[in-house]
Asks: 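After the structure tokens below, expect a handful of questions from me.
Below, each value reflects all heavy atoms present in this structure, side chains not excepted, and no hydrogens, waters or symmetry copies. Numbers for residues simply follow the sequence, beginning at 1.
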Amino acid sequence: METAFDELCKALLVPLLTFLIVILRGWYSGRKRWPARIVEGIIFSIIAAIIHPVAVYVFATRFGFPADIADRAALMFVCALGYIGADTLSDAARNYFGGRR
């Protein structure tokens, strides 16, 4: 039987890892100031918490991964999004949807 602390740790794992990856990427590249890095990390944490269950579902149903592996693959996917960063993703979306010519 799992305790409430275990459940809390599981629930915070995805947002916390994504936040740390965004902060470390920003620190390593050094292009943004600390407040901007923290805000970007918080935004990606929220996005990761929303996208993670969807990614688990996609990996489990579409790709046929077992539940544990689907969860780990989804975790790697949302952390990779955090590593790529908001700037790169927004530029790619603008180019794809015709915002820049």
Asks: For the OG1 atom of Thr18 and the CD1 atom of Ile51, what is their distance to the nearest 0.5 Å?
Replies: 9.0 Å
Asks: Could you state whether Val22 and Leu13 fall into the same hydrophobic cluster, counting links through intermediate Ile, Leu, Val, Met, Phe, Trp or Tyr residues with side-chain heavy atoms under 4.5 angstrom apart?
Replies: yes
Asks: In the hydrophobic clustering (ILVMFWY, side-chain contacts below 4.5 Å, transitive), which residues join Leu12, or is it alone?
Replies: Leu8
Asks: Enumerate donor-acceptor pairs with a distance under 3.5 Å from any side-chain N or O in residues 70-85 to protein atoms, sequence neighbours excluded.
Replies:
unit_1 : atom_1 : unit_2 : atom_2 : d
Asp71  : OD1    : His52  : NE2    : 3.1

Asks: Just jot down the ring pair (Phe, Tyr, Trp, His ring centres under 6.0 Å) partners of Phe59, sequence neighbours excluded, or say none.
Replies: Phe63, Phe65
Asks: Tell me whether Trp34 shares a hydrophobic cluster with Leu24, the cluster being built from Ile, Leu, Val, Met, Phe, Trp, Tyr side chains joined at under 4.5 Å.
Replies: yes
Asks: Can I get a per-line list of side-chain donor-acceptor pairs under 3.5 Å for residues 41-49, giving both atom names and the distance, sequence neighbours left out?
Replies:
unit_1 : atom_1 : unit_2 : atom_2 : d
Ser45  : OG     : Pro15  : O      : 3.0
Ser45  : OG     : Gly41  : O      : 2.8

Asks: Sequence neighbours left out, what pairs pass salt bridge (Lys or Arg N to Asp or Glu O under 4.0 Å) with at least one residue falling in residues 43-53?
Replies: none
Asks: Any salt bridge (Lys or Arg N to Asp or Glu O under 4.0 Å) involving residues 36-65? Give me the pairs, sequence neighbours left out, ordered by first then second residue.
Replies: Arg25-Glu40, Lys32-Glu40
